[in-house]
Structures are given as C-alpha cells and as structure tokens.
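What you see below is based on every heavy atom in this structure, not just the backbone, and it leaves out hydrogens, waters and symmetry mates.
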Amino acid sequence: MISHTQKLLDFTRIKSELKKNVFSALGIYSIDHLHYLSYDEIIAEQSLMGSLIYQLDTKSFPLISSMPDIRPSIDLSLKKDSIIEPLKFLDILDFFNSLVIIKKYLNESEDHLLIELNEKMEYPENLHARIKEVIDKEGNIKDNASPALKKIRDRLREIKFNIEVKLDSILKNSSYDHIIQEKIITIKDNRWVIPLKKNFKGKIKGLVISTSNTGETLFLEPGVIVDDNNQYAEILGDEKKEIIKILKNLTKGVANQSEIWFKLFPVLSHFECLYAKCKYAVSTKSTKPHINQKKIWNIVQARHPLLQKPVPIDIRLGEEFQILVVTGPNTGGKNVSLKTCGLLTLKAN
C-alpha cells in the first residue's frame, strides 16, 4: 500500500487510532504492515471480526496493560553459548501469562472461529512452567532451581549463621564496648566485618578490610571468621557457576522451541490487529461493508470517521455509470466526499 496514499486519505491516522488498542510491539507491527487482502481473505477477516465483536459484546475482554516484546530474547537464545538474563525471563513469563489470558478468553467462546484461533496460538507450556520454577517475581534464581543450587544455598546459610554467631559474641562482649563504633554486622568487599573505632589498637585480632570516608571507622575482619569468610567466598563462586549453568539450560529451552515461536508470533500479531479493529469499529459505530468483485461502490449514509459531526453522504458508482463528476462551490464538501469514499475503500480492503 502506497504510504503517500495512506497519508493523503488519513489512513495513517486510522492506524494511529488502532494502535491504542494493541498490547505489544507485535500488534503495532501488524498495524504498521497492513496490506491489501484478497476477496476470500476479506470475507474470512470479516467473519472473524463479527465473531469477536459478538464475544466482546457478551463478555468483556480481560485487562492486559501490555505484553513485553520477547523477540530479541528469542533471537539471542539461538546464538551459540548465549544466556538470557533473569529479568528477560521475567518478560517471557509476563508474555506467557498474558497469552494464557487471551487463550482462555477465546476458548470460552462458543464460536468455532475463535476456538480455532485459540488453537493456533500454541505455546511451550513446559517452558512456561519451568521458568516459574526457576525465577521468582523479583528476577532472582530460586533455591529449588536445581538440587545443586539448593545444596549450595543451604551451605551458604550455614556459614553465614556461624559467622554471625561469632561476630555477635564479639559485639556483645562488654569489654569491647569502648572500641566498637556501632554494634552491627556488615559486609565489605564480600567479607563479613564489624565497625571499630580507629584507636582499637589491635585489641581484636584480625584484618582491616576497609575504612569509612572520615577515617574514624575501621571495618575489621576478626581472625575467628577468616576461614569462614574464605569458605563463603569460595562457595559464592560455586553458586555463580551453578546459576550460569541453570540460565544456559533455560536459554537452550527457549531456543529449542523456535518452531513454535515462529508460528505463534504471526497468529498473536493477527489477533492483536483483529482486536484493535473490532474495538475501533465498536467505538465508531461502524458497519460491516458488503464486498463485491464487480467494482461497484454503493455507499449509503457514509460518515468520515475522523470528523466531528460529519454530513452523511451517498455515493454510487460502477453499475448504471462508470464515471462520477463531483461539482459544487468551495467548502461544499467535494474533497471530504472523495476522501470519505477513498478512506472507506482502504478500510474495507
């Protein structure tokens, strides 16, 4: 479709209105790439729109604020040794959750066209379940993402507990009150430490890991927890390796569904466009055009959809006569009439 013609007939403004009712970049892409349909495709599209409009009239569509564009993550998964970040997996999870809402809505219809459309929206349910097992709502890797990670996390908690017990005994020892800056346990450079005043004069054996900006506080790693800190740091490395392994396997699971993705995206894109057109049709009180293959226009009481209180017009062409001459004074509505005819023709096709 020629972009200049779309702009001249205000079809680009119609597309902007349609985009207000889509959920994702897939819907926007579908609207941006609207193209002429064959006669059979128009009839099929009208049937689907009729079914969906009826469904929308009898049961409101559930609220879906937006669906993340997961195509970049899918593309990334197909690259060798790639890893999708946890937050991107949350996007995939949000995408799945919204898709399930759409599928449920379509499947609850008694219309076979909508049920068939739902069946075309096949998606990897096992992957959906696995992501929920691995990633929590904040994008962290769950302990039970793998048996190895569970074992590692349990060991980290055990070491942390031992460290805190030892440091707590120091903080509660009244003989150290005069050198302790604040009775808290903190972490500096991945080491557990306690804050001491700068004049503690080695009364507690250990290593100064860091100092405060003012130099008044020294963060000491007491000698009694050095081995524990070393173990903790080592096991943190094991945790990182296991998380990378989990994410690699999960990324591979995304890549293994490439055939499903490439079938799903066009169907979902089409549905979003279909839904947007139905919402627009209802909001503008539009009616279904009766398409013919005889190059006949018979437009009755047509209104330009973008004008406030437009004057309805009738236009007939292609039966008794093949040429239509539009005359009248300036501001008499000639351009509006022609643009209305052209715009409605674009919308119908």
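With rounding to the nearest 0.5 angstrom, the CG atom of D91 is 10.5 Å from the CD1 atom of I84. Note that CE of M49 is 10.0 Å distant from CG of L56, once rounded to the nearest 0.5 Å. For the atom pair NZ (K103) and NZ (K120), the distance works out to 12.5 Å, reported to the nearest 0.5 Å. Atom CD1 of I225 is separated from atom CD1 of I194 by 7.5 Å, given to the nearest 0.5 angstrom. Rounded to the nearest 0.5 angstrom, E125 CD and Q257 CD are separated by 10.5 Å. Note: N97 CG to I64 CD1 = 10.0 Å, rounded to the nearest 0.5 Å.
Counting heavy atoms from C-beta on, the side chains of I170 and I204 come closer than 4.5 Å. Side chains of D314 and Q301 form a contact here, defined as non-hydrogen atoms less than 4.5 Å apart. Contact of the I141 side chain with the L247 side chain is registered, since non-hydrogen atoms from C-beta on lie closer than 4.5 Å. By the 4.5 Å heavy-atom criterion applied to side chains, L156 and E239 are counted as neighbours. Side-chain contact between P124 and N126 is absent, with no heavy-atom pair separated by less than 4.5 Å. In this structure, the side chains of M67 and I102 come closer than 4.5 Å at one or more pairs of heavy atoms. With contacts defined as side-chain heavy-atom distances shorter than 4.5 Å, the pair I83/L250 does not qualify. Residues Q46 and P289 form a side-chain contact, since some pair of their non-hydrogen atoms from C-beta on lies under 4.5 Å apart.
The two residues S38 and E41 have their closest heavy-atom pair at N-OE1, 2.8 Å. Residue L93 comes nearest to I131 through the heavy atom pair CD1-CG2, 4.0 Å, listed as atom of the first residue, atom of the second, then distance. The minimum heavy-atom distance between L218 and T211, with the atom names listed, is CD2-CG2, 3.3 Å. Between S82 and K248, the shortest heavy-atom contact is O-CG, 4.4 Å. Nearest heavy-atom pair across D69 and A25 is OD2-CB, 3.6 Å. Annotation for L48 and H270: closest pair CD1-CE1, 3.8 Å, computed over non-hydrogen atoms.
If you check the side chains of S175 and N173, you find a donor sitting under 3.5 Å from an acceptor. Judged by distance alone, the side chains of R130 and N249 never bring a donor and an acceptor atom under 3.5 Å apart. Counted by atom type alone, N229 and E221 present one or more donor-acceptor pairs between their side chains at under 3.5 Å. No side-chain donor-acceptor contact under 3.5 Å links D228 and N162. Side chains of E272 and S24: a donor on one and an acceptor on the other come within 3.5 Å.
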Problem set entry | Chi angles and distances behind the salt bridge (Lys or Arg N to Asp or Glu O under 4.0 Å) call for D154, K151 | CA-CA 5 Å; D154 286 344; K151 186 176 180 180; over 6 Å; no
For this session: List the steps, then state whether salt bridge (Lys or Arg N to Asp or Glu O under 4.0 Å) holds for E319 with K294.
Result: CA-CA 9 Å; E319 291 184 285; K294 300 176 182 179; over 6 Å; no
Exercise. Between E242 and S146, does a side-chain contact (heavy atoms from CB on, under 4.5 Å) hold up when you go through it step by step?
Worked result: CA-CA 8 Å; E242 181 61 19; S146 76; 2.7 Å; yes
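When the shell of 6.0 Å around NZ of K172 is examined, it contains 12 or fewer heavy atoms from other residues, nucleotides or ligands. For K183, the NZ atom counts as densely surrounded, since its 6.0 Å shell holds more than 12 non-hydrogen atoms of other residues, nucleotides or ligands.
Listed by first then second residue, pairs satisfying ring pair (Phe, Tyr, Trp, His ring centres under 6.0 Å) with a partner in residues 87-108 read F61-Y105, F96-Y123, F96-H128, F96-W261, not counting sequence neighbours. Under the ring pair (Phe, Tyr, Trp, His ring centres under 6.0 Å) criterion, the residue pairs touching residues 162-198 are W192-Y232, with sequence neighbours excluded.
In terms of hydrophobic clustering, with Ile, Leu, Val, Met, Phe, Trp and Tyr side chains grouped at heavy-atom distances under 4.5 Å, L274 and M121 are assigned to a common cluster. The hydrophobic cluster containing I184 does not contain I179, counting ILVMFWY residues as joined when their side-chain heavy atoms lie under 4.5 angstrom apart, directly or transitively.
Residues that satisfy the salt bridge (charged side-chain N to carboxylate O under 4.0 Å, His left out) test with K132, not counting sequence neighbours, are absent from this structure. Legend: residues meeting side chain to side chain donor-acceptor pair (under 3.5 Å) with S286, ordered by chain and number and at least two apart, are T284.
In the hydrophobic clustering (ILVMFWY side chains linked at under 4.5 Å, chained through shared members), I53 is joined by V282. Residue V193 shares its hydrophobic cluster (ILVMFWY side chains chained together at separations under 4.5 Å) with L207, I209, F219.
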